[in-house]
Novice: 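The structure that follows is given in the form of structure tokens.
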Amino acid sequence: MPELPEVESVRRQLAPVLAGRRIERVEALAQRRFDALERVAGHTVQGVDRRGKYLLATLDGGLELVMHLGMTGSFRVRGADGWHPDAYVRASFHLAARRAGDVGDVVDFRDVRRFGRLSVVAAGEYSGIATLAGLGPEPLSDDFDPDAFAAALARTRMPVKPYLLTQRPVAGVGNIYADEALWRARINPHTRAVGRPRAHRLWRAIREVLAESIAREGTTFRDYQMVNGQSGRNADFLVAYGQGGRPCPRCAVPLRKVVLGGRGTTYCTVCQRR
DNA sequence: CTAACTACCTGAACGC
DNA sequence: TGCGTTCAGGTAGTTA
């Protein structure tokens, strides 16, 4: 489901729920993608940050809870916004009460397809999470440098779109925003040699499409929802992703949908020439 | 080390 | 209605 704008929207709602709270215990299914979750018990969340599509909760005692929503993951607070657990809750975090006498909240992790990941690691120790360890720069920070990005695109021999999806040249771009940014930058997704001028256009387009979507709290098609259960509002603004057959907003030629690197890919054959 | 495949899960939508 | 096929916003493991 979620790419950077969706994960950032979740982070903004999850951080105030978890920050400063002690996690008393976790109930979790024994799942391949859950690791050392029991270690969070008794630790207090100091803050919730984000890198790319990963949510990172810093805990006291030098621990860190790494969370990835996969395709269908979401967090909900039990009893809030009409949420009651269903058959797809895979883990539940029981938080200590804020004050003596209060009832502690329960944060549920719901994940239909079970591609989500929850791991407890020593703070900053990402060697067991290869994609996070090799993650590219944050696209909306000063660490995302246009010349370094151009150099990375020049180095690879992969087509540009699958390369973006590896998370190595830049963090947080998935299938939706790759199609949107390539359309905006007028770059064909199959291109293997992106020169400096086009790389700079793509650099800008990535920052624009992500920032615009964050402002609308992300793109909802089906599963993605925020901690309050609401949808993002960006779906109505997509011009490429999911728009195959519809006229290109720039040149009116029908957009083409193909499979590239195993992922559905939509682009304009006229204004995104090879 | 890179790049190409395949595997992991489940449900919704679609074709017959 | 029922059944089989395809697709889905993402990695992670294996192979060449």
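Keep in mind the model is a prediction, meaning the values are calculated, not measured. Naming convention: chains lettered A, B, ... in sequence-line order (proteins, then strands); numbering from 1 in each chain.
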Novice: Using the P atom in both, what is the distance from C/dT6 to B/dT6, to the nearest Å?
Specialist: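 Between the two P atoms, the distance is 15 Å.
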
Novice: Tell me which nucleotide, if any, is Watson-Crick or G-U wobble paired with C/dT11 when both distances must be under 3.5 Å.
Specialist: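 Matched C/dT11 with B/dA7 under the 3.5 Å cut-off.
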
Novice: Are any of the side-chain nitrogens in A/Glu180 or A/Arg184 under 4.0 Å away from the carboxylate oxygens of its partner?
Specialist: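 So A/Glu180 does not pair with A/Arg184 through a salt bridge.
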
Novice: Could you check whether the side chain of A/Arg113 and the base of B/dC9 have a donor-acceptor pair of N or O atoms closer than 3.5 Å, going by distance alone?
Specialist: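 By the distance-only test, yes, there is a pair.
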
Novice: For A/Arg117 and B/dC9, give me the distance from atom CZ to atom C1', rounded to whole Å.
Specialist: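 Interatomic distance, CZ of A/Arg117 to C1' of B/dC9: 16 Å.
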
Novice: A/Tyr177 near the nucleic acid: base, sugar-phosphate alone, or nothing, with a heavy-atom cut-off under 4.0 Å?
Specialist: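 Touches nothing.
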
Novice: Which value, in whole Å, describes the distance between the P atoms of nucleotides B/dG11 and C/dA12?
Specialist: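 My reading of the P atoms in B/dG11 and C/dA12 gives 22 Å.
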
Novice: Is A/Arg168 close enough to B/dA3 that one of its side-chain N or O atoms is under 4.0 Å from OP1 or OP2 there?
Specialist: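 So the side chain of A/Arg168 is within the cut-off, an N or O lying under 4.0 Å from OP1 or OP2 of B/dA3.
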
Novice: Under 4.0 Å, counting only non-hydrogen atoms across every strand here, what does A/Thr166 touch: a base, just sugar-phosphate, or nothing?
Specialist: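 Here A/Thr166 touches no strand at all.
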
Novice: Less than 3.5 Å between a donor and an acceptor, one on the side chain of A/Arg222 and one on the base of C/dA8, is that the case here?
Specialist: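 Result: no qualifying N/O pair found.
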
Novice: To the side chain of A/Arg114, which of C/dT11, B/dC9, C/dA8 is closest?
Specialist: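 It is B/dC9.
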
Novice: Pairing donors with acceptors under 3.5 angstrom, does anything connect the side chains of A/Arg168 and A/Thr156?
Specialist: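 No donor-acceptor contact under 3.5 Å links the two side chains.
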
Novice: Tell me: CG of A/Leu165 to P of C/dA8, nearest whole Å?
Specialist: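 To the nearest whole Å, that distance equals 13 Å.
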
Novice: Applying a 4.0 Å non-hydrogen cut-off, can you work out what A/Tyr163 is touching in the nucleic acid: base, sugar-phosphate, or nothing?
Specialist: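 A/Tyr163: no heavy atom of the nucleic acid under 4.0 Å.
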
Novice: Under 4.0 Å: is that the gap between some side-chain N or O of A/His68 and OP1 or OP2 of C/dG10?
Specialist: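 So the side-chain polar atoms of A/His68 never come under 4.0 Å of the phosphate oxygens OP1 or OP2 of C/dG10.
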
Novice: Send over the distance from A/Asp86 CG to B/dG11 C1', rounded to a whole Å.
Specialist: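 So the CG-C1' distance, A/Asp86 to B/dG11, works out to 13 Å.
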
Novice: Which residue in the set A/His43, A/Gln46, A/Arg22 passes side chain to side chain donor-acceptor pair (under 3.5 Å) when paired with A/Asp60?
Specialist: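 Only one of A/His43, A/Gln46, A/Arg22 forms a side chain to side chain donor-acceptor pair (under 3.5 Å) with A/Asp60, namely A/His43.
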
Novice: Starting from C1' on B/dA4, measure out to NZ on A/Lys161 and report it in whole angstrom.
Specialist: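 After rounding, the reported distance stands at 16 Å.
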
Novice: Looking at the rings of A/Tyr54 and A/Tyr126, which for Trp means the six-membered one, are their centres under 6.0 Å apart?
Specialist: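 Judged by ring-centre distance (under 6.0 Å), A/Tyr54 and A/Tyr126 do not meet the cut-off.
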
Novice: Checking contacts here: which listed nucleotide (B/dA3, B/dC8, B/dT10) is nearest the side-chain heavy atoms of A/Arg90?
Specialist: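 In terms of side-chain proximity for A/Arg90, the closest of B/dA3, B/dC8, B/dT10 is B/dT10.
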
Novice: Can you tell me the distance, in whole Å, between the CZ atom of A/Arg263 and the P atom of C/dA8?
Specialist: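 My rounded result for the distance is 8 Å.
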
Novice: Base of B/dC8, side chain of A/Arg33 - is there a donor-acceptor contact under 3.5 Å?
Specialist: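 Counting by modelled atom types and ignoring angles, a donor-acceptor contact under 3.5 Å is found here.
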
Novice: Once you apply the 3.5 Å cut-off to both distances, tell me the Watson-Crick or G-U wobble partner of B/dG15, or none.
Specialist: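 WC or wobble partner is C/dC3.
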
Novice: When the P atoms of B/dC14 and C/dG9 are considered, how many whole Å apart are they?
Specialist: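 Result for the P pair: 16 Å, nearest Å.
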
Novice: Roughly how many Å is it from CG in A/Asp111 to C1' in B/dT10, rounded to a whole number?
Specialist: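 Whole-Å distance recorded here is 10 Å.
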
Novice: What do the steps show when you test A/Ser119 against A/Asp35 for side chain to side chain donor-acceptor pair (under 3.5 Å), and what is the final call?
Specialist: CA-CA 5 Å; A/Ser119 301; A/Asp35 187 40; 4.8 Å; no

Novice: Toward the 5' end of DNA chain B, which comes first, A/Arg155 or A/Phe115, by nearest nucleotide?
Specialist: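 The residue mapped nearer the 5' terminus is A/Arg155.
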
Novice: Find the distance A/Tyr241:OH to C/dC7:C1' and express it as a whole number of Å.
Specialist: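 After rounding, the reported distance stands at 9 Å.
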
Novice: Of the nucleotides B/dC8, C/dT11, C/dA8, which one has an atom closest to the side chain of A/Gln167?
Specialist: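 Nearest to the side chain of A/Gln167 among the choices is C/dT11.
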
Novice: Got a salt bridge between A/Lys53 and A/Glu3, using NZ or NE/NH1/NH2 to carboxylate O under 4.0 Å?
Specialist: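 Not counted as a salt bridge, because no side-chain N and carboxylate O are separated by less than 4.0 Å.
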
Novice: Any salt bridge linking A/Asp105 with A/Arg21? Criterion: basic side-chain nitrogen under 4.0 Å from a carboxylate oxygen.
Specialist: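 Here A/Asp105 pairs with A/Arg21 in a salt bridge, since their nearest N and O are under 4.0 Å apart.
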
Novice: Among the candidates B/dA3, C/dA8, C/dT11, find the nucleotide nearest to the side-chain atoms of A/Lys257.
Specialist: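 Selected nucleotide: C/dA8.
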
Novice: In whole Å, I'd like the distance from the OH atom of A/Tyr224 to the P atom of C/dG10.
Specialist: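 To the nearest whole Å, that distance equals 13 Å.
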
Novice: Give a yes/no answer on whether the side chain of A/Thr156 brings an N or O atom under 4.0 Å of OP1 or OP2 in B/dA3.
Specialist: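 Looking at the OP1 and OP2 atoms of B/dA3, one of them is under 4.0 Å from a side-chain N or O of A/Thr156.
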
Novice: Among C/dG9, B/dA4, C/dT11, which is the nearest nucleotide to the side chain of A/Glu3?
Specialist: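 From the listed options, C/dG9 comes nearest.
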
Novice: Can you check whether A/Thr72 has a side-chain N or O nearer than 4.0 Å to OP1 or OP2 of B/dC9?
Specialist: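 Indeed not, no polar side-chain atom of A/Thr72 lies that close.
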
Novice: Can you tell which of B/dC8, C/dG9, C/dA12 lies closest to the side chain of A/Arg32?
Specialist: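 That would be B/dC8.
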
